[in-house]
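Have a look at the structure below before the remarks.
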Amino acid sequence: MWKWLHPYAKAERAYQLCNTLLPYFAVVSVLCIVVGWVWGLAYAPADYQQKDSYRIIFIHVPSAILSMGAYSSMAIAAIIALVWQLRNAELAVIAIAPVGAAMTAIALITGSAWGKPMWGAWWVWDARLTSELILLFLYLGVLSLFHAFEDKKAGGKAACILAIVGVVNLPIIHFSVEWWNTLHQGATITKFDTSAIDPTMLWPLLINILGFAALVGALSLIRLKNEIVQVEKHRPWVRQLVSRG
Amino acid sequence: MQFESLSDFIAMGGYGFYVWLSYGSCAGIILGLLFSSLYENKKLKQEVKSQMAREERIKKAKELEAQV
């Protein structure tokens, strides 16, 4: 496996790999999100209790899942960066962090826009909401730690360590609705035995989740390409790439 | 289709403000991140190009100096 993986440790190969993967992620995300939004907004039936306000679920749940998914992948990249000293993995950490932060912000904003009509408050200091807010601060902390050091190597290391330590927050977010009394409703689709959601609502939700996942991938790839060019900008291959147009 | 008319669709059964606030801010954040990333890419390539042009100019000036 190492023999197969090794070439991707080189920046140029990693850049090419990003270019190869990007179109697939982009197409899947645009298709799924367009279909998912139209289906969710116009064709899915209204909820018997929450009426049309529940349609926020089609972006709230995907962004919340992906805010944690992006964090897991960022933490895995951070482990690889620290253990095998691969600079590309470190760049991946920095590429994923803003995308994950965006997902977390979307989850928080849509959550409050949903909470206002249903709970009567934009924000409550509840376990689920607070731990998700901490996730946002973790993302921002990783980013600012990376940029706070004059020495890029030290900054990268510090950012990776924070990313790994922050993983403890993920199970807290996931189980917060079980461990504490909370306003937030329990898990809907991750209970594998009996899904608590009707198929006519489940399908557009799953399509949106897939679309958001592909979106996180596509945005991370675009940002990773930028990061690679940034650190390699004096290398001949970047110059060739730029002069080719 | 769950809605009778376009105005019905926009009203979202009285929850229009909250639903469209969510979808709007979601689209805004995603597009903002996308365009800033693409802009960054363009700026980086511009930077490399101008550095190359600068080195070219320095090289030419040195050659000229050697000739004089």
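In what follows, chains are A, B, ... by sequence order, proteins preceding strands, each numbered from 1. These figures come from a predicted structure and were not determined experimentally.
Nearest heavy atom pair, residue B:G13 against residue A:D52, reads N-OD2, 3.5 Å. The two atoms that bring B:S37 and A:N226 nearest to each other are O-ND2, 2.9 Å, heavy atoms only. The shortest heavy-atom contact between B:K45 and A:L241 is CE-CD2, 4.2 Å. A pairwise comparison of heavy atoms in B:V19 and A:S53 identifies CG2-CA, 4.1 Å as the closest pair.
In this structure the side chain of B:Y15 reaches within 4.5 angstrom of the side chain of A:M118, judged on heavy atoms. Looking at B:S22 and A:H60, their side chains never come closer than 4.5 Å, going by heavy atoms from C-beta outward.
When the heavy atoms of residues 91-103 of chain A are compared with those of chain B, the residues falling under 4.5 Å are A:P98, A:V99, A:A102, listed by number.
In this structure, CG on A:L219 lies 9.0 Å from OG on B:S36, to the nearest 0.5 angstrom. Atom-to-atom distance recorded for B:I30:CD1 and A:F212:CZ is 4.5 Å, nearest 0.5 angstrom. Distance CG/B:L44 to CD/A:E227: 8.5 Å, rounded to 0.5 Å.
The aromatic ring centres of A:W37 and B:Y23 sit less than 6.0 Å apart.
Of the atoms belonging to A:I33, not a single heavy atom falls under 4.5 Å from chain B. Contact of A:F58 with chain B is made through backbone and side chain together, with heavy-atom distances under 4.5 Å. In this structure, the portions of B:A27 lying under 4.5 Å from any heavy atom of chain A include both its backbone and its side chain. With a 4.5 angstrom heavy-atom cutoff, B:E47 touches chain A only via side-chain atoms.
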Inset, instruction - Kindly indicate, with the supporting measurements, whether the criterion side-chain contact (heavy atoms from CB on, under 4.5 Å) is fulfilled by A:I109 and B:I29. - result: CA-CA 11 Å; A:I109 292 171; B:I29 289 173; 3.8 Å; yes

Inset, instruction - Could you check B:Y18 against A:R55 for side-chain contact (heavy atoms from CB on, under 4.5 Å), going step by step and ending with a plain yes or no? - result: CA-CA 10 Å; B:Y18 301 108; A:R55 293 180 194 282; over 6 Å; no

Legend entry - Intermediate values then yes/no, side-chain contact (heavy atoms from CB on, under 4.5 Å), A:R223 and B:E40: CA-CA 9 Å; A:R223 297 197 69 88; B:E40 214 170 289; 3.8 Å; yes

Inset, instruction - Decide side-chain contact (heavy atoms from CB on, under 4.5 Å) for A:I222 and B:N41; before the verdict, give the C-alpha distance in whole Å, the side-chain angles of both, and the deciding distance to 0.1 Å. - result: CA-CA 8 Å; A:I222 294 173; B:N41 181 272; 5.7 Å; no

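Among A:W114, A:W122, A:Y54, the residue with the largest count of heavy-atom pairs under 4.5 Å with chain B is A:W122. Most heavy-atom pairs under 4.5 Å with chain B, from the set A:S63, A:A44, A:G111: that is A:A44. Most heavy-atom pairs under 4.5 Å with chain B, from the set A:A218, A:A42, A:A113: that is A:A42.
Crowding of A:W39 atom CH2: a count of heavy atoms from other residues, nucleotides or ligands under 6.0 Å exceeding 12. For NZ of A:K152, the number of neighbouring non-hydrogen atoms (other residues, nucleotides, ligands) closer than 6.0 Å is greater than 12.
The pair A:R239-B:E55 meets the salt-bridge criterion, since a charged nitrogen lies less than 4.0 angstrom from a carboxylate oxygen.
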